[in-house]
Amino acid sequence: QLFAHRALADEWIRSGRSAEKGVMAPYASLAPSQARNATIRDIIRSSVGLPGSGRFLFASFNQLYKMDRASLLLLASILRTVPDAGLWIMLFSPEAEGPLRALFEREGVGRAQLFLTPPIPATRHLAAKATADLFIDSLSFNAHSTLADALHGGLPALTIANLKMPSRVAASILVGAGLAFMVARTPSDLVAMAAA
């Protein structure tokens, strides 16, 4: 049984696998909320336990349930490729810290490369996220409003458009924002783009 009979979609959303009939839109099916207002100057990296601005900082702000093993291994590959960079992940579940650190350590990522923080309060999250240098999206279930918020805050992002609708929304948003060049074709392309 379908959850919804119609889906607001653009060519990126509809070219994947979806049972719903689409109401076609020319661009992204999700836009950032204009009601959220934050300034980048409101917060600096050190206030949330991040390295200074002299160190390149990747970020993955998706909820942890969206970050499957393939997504985590992709992040580890990026960090091995760019060993001087750090990775910021918000821990929506504190119990995930140990398993995340263990996985990255097994994959050859130094402990000092990981910055695992609690979620940032909604009143400051746009400004906080904008202090990262590049958002790396998850593979199977892309960022939706998280990506829209990141772009709204001035944070560029990389994604891959896979087959199913939840893994194509970020590409839709990036293309709609004029950033089609930020959509990688393969995981190895995404690693190369992140390292460039």
Side-chain angles (χ1 to χ4, degrees), residues 43-122 124-147 149-151 153-164 166-167 169-171 174 182-196:
I43 193 167
I44 57 173
R45 287 180 176 187
S46 63
S47 70
V48 291
L50 300 172
S53 59
R55 185 171 186 189
F56 196 89
L57 187 63
F58 295 107
S60 183
F61 295 129
N62 288 327
Q63 289 272 2
L64 295 177
Y65 69 83
K66 291 185 177 184
M67 297 176 69
D68 59 6
R69 182 169 176 76
S71 297
L72 294 169
L73 294 177
L74 178 72
L75 292 169
S77 179
I78 291 169
L79 290 174
R80 284 192 310 272
T81 305
V82 189
D84 293 335
L87 171 64
W88 179 15
I89 296 175
M90 287 189 195
L91 288 176
F92 294 91
S93 172
E95 299 81 27
E97 182 171 359
L100 277 174
R101 287 196 184 280
L103 180 141
F104 280 101
E105 187 176 314
R106 280 192 308 273
E107 293 301 317
V109 173
R111 193 168 183 84
Q113 287 182 273
L114 287 180
F115 298 91
L116 307 177
T117 69
I120 305 298
R124 301 185 313 158
H125 84 102
L126 289 181
K129 288 176 180 177
T131 65
D133 295 301
L134 183 61
F135 177 80
I136 306 294
D137 199 10
S138 54
L139 300 175
S140 297
F141 200 119
N142 288 165
H144 297 114
S145 60
T146 301
L147 175 62
D149 286 346
L151 293 174
L155 177 62
L158 289 176
T159 194
I160 296 175
N162 286 312
L163 292 177
K164 295 185 178 181
S167 67
V169 173
L174 288 169
M182 301 297 277
V183 180
R185 294 199 178 275
T186 66
S188 59
D189 287 347
L190 193 142
V191 171
M193 291 165 71

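No hydrogens or angles considered: nothing links the side chains of Asp149 and Thr146 as a donor-acceptor pair under 3.5 Å.
Crowding of Gln63 atom CD: a count of heavy atoms from other residues, nucleotides or ligands under 6.0 Å exceeding 12.
Side-chain atoms of Ile160 and Asp189, non-hydrogen and from C-beta on, never get closer than 4.5 Å to each other. Counting heavy atoms from C-beta on, the side chains of Met67 and Ile89 come closer than 4.5 Å. Annotation: side chain of Leu72 is in contact with side chain of Leu100 (closest heavy-atom distance under 4.5 Å). Put simply, the side chain of Ile136 reaches to within 4.5 Å of the side chain of Ile78, judged on heavy atoms. Leu79 places a side-chain heavy atom less than 4.5 Å from the side chain of Leu114. Residues Leu74 and Leu139 meet the side-chain proximity criterion, which asks for heavy atoms closer than 4.5 Å.
Note: Phe135 and Phe61 have parallel aromatic rings, judged against thresholds of 30 and 60 degrees for the angle between ring planes.
Gln113 places no side-chain N or O within donor-acceptor distance of the main-chain N or O of Leu87, the cut-off being under 3.5 Å. Without hydrogens or angle criteria, Thr81 side chain to Ser77 main chain gives a donor-acceptor distance under 3.5 Å. Side chain of Lys66 to backbone of Ser140: no donor-acceptor contact under 3.5 angstrom is found.
Across every non-hydrogen atom of Met90 and Pro119, the tightest pair is SD-CA, 3.8 Å. Taking both residues in full, the closest heavy atoms of Leu91 and Leu64 are given as CD2-CD1, 4.1 Å, listed atom of the first, atom of the second, then distance. In terms of heavy atoms, Arg55 sits closest to Asp133 at O-OD2, 3.6 Å. Listed here is the closest heavy atom pair of Ala161 and Ala171: CB-CB, 3.8 Å. Shortest non-hydrogen contact noted between Ala85 and Phe58 is CB-CE1, 3.6 Å. Nearest approach of Leu134 to Ala194, heavy atoms of both residues: CD2-CA, 4.1 Å.
None of Leu158, Asn62, Val183 except one satisfies the side chain to side chain contact (heavy atoms under 4.5 Å, CB included) rule with Asp137; the exception is Asn62.
Rounded to the nearest 0.5 Å, atoms CZ (Phe92) and OH (Tyr65) are 9.5 Å apart. A distance of 5.0 Å separates CH2 of Trp88 from CD1 of Ile120, quoted to the nearest 0.5 Å.
Using a 4.0 Å cut-off between a side-chain N of Lys or Arg and a carboxylate O of Asp or Glu, Arg101 and Glu97 qualify as a salt bridge.
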For this session: Run the numbers on Leu174 and Thr159 for side chain to side chain contact (heavy atoms under 4.5 Å, CB included), then give the verdict.
Result: CA-CA 9 Å; Leu174 288 169; Thr159 194; 3.5 Å; yes
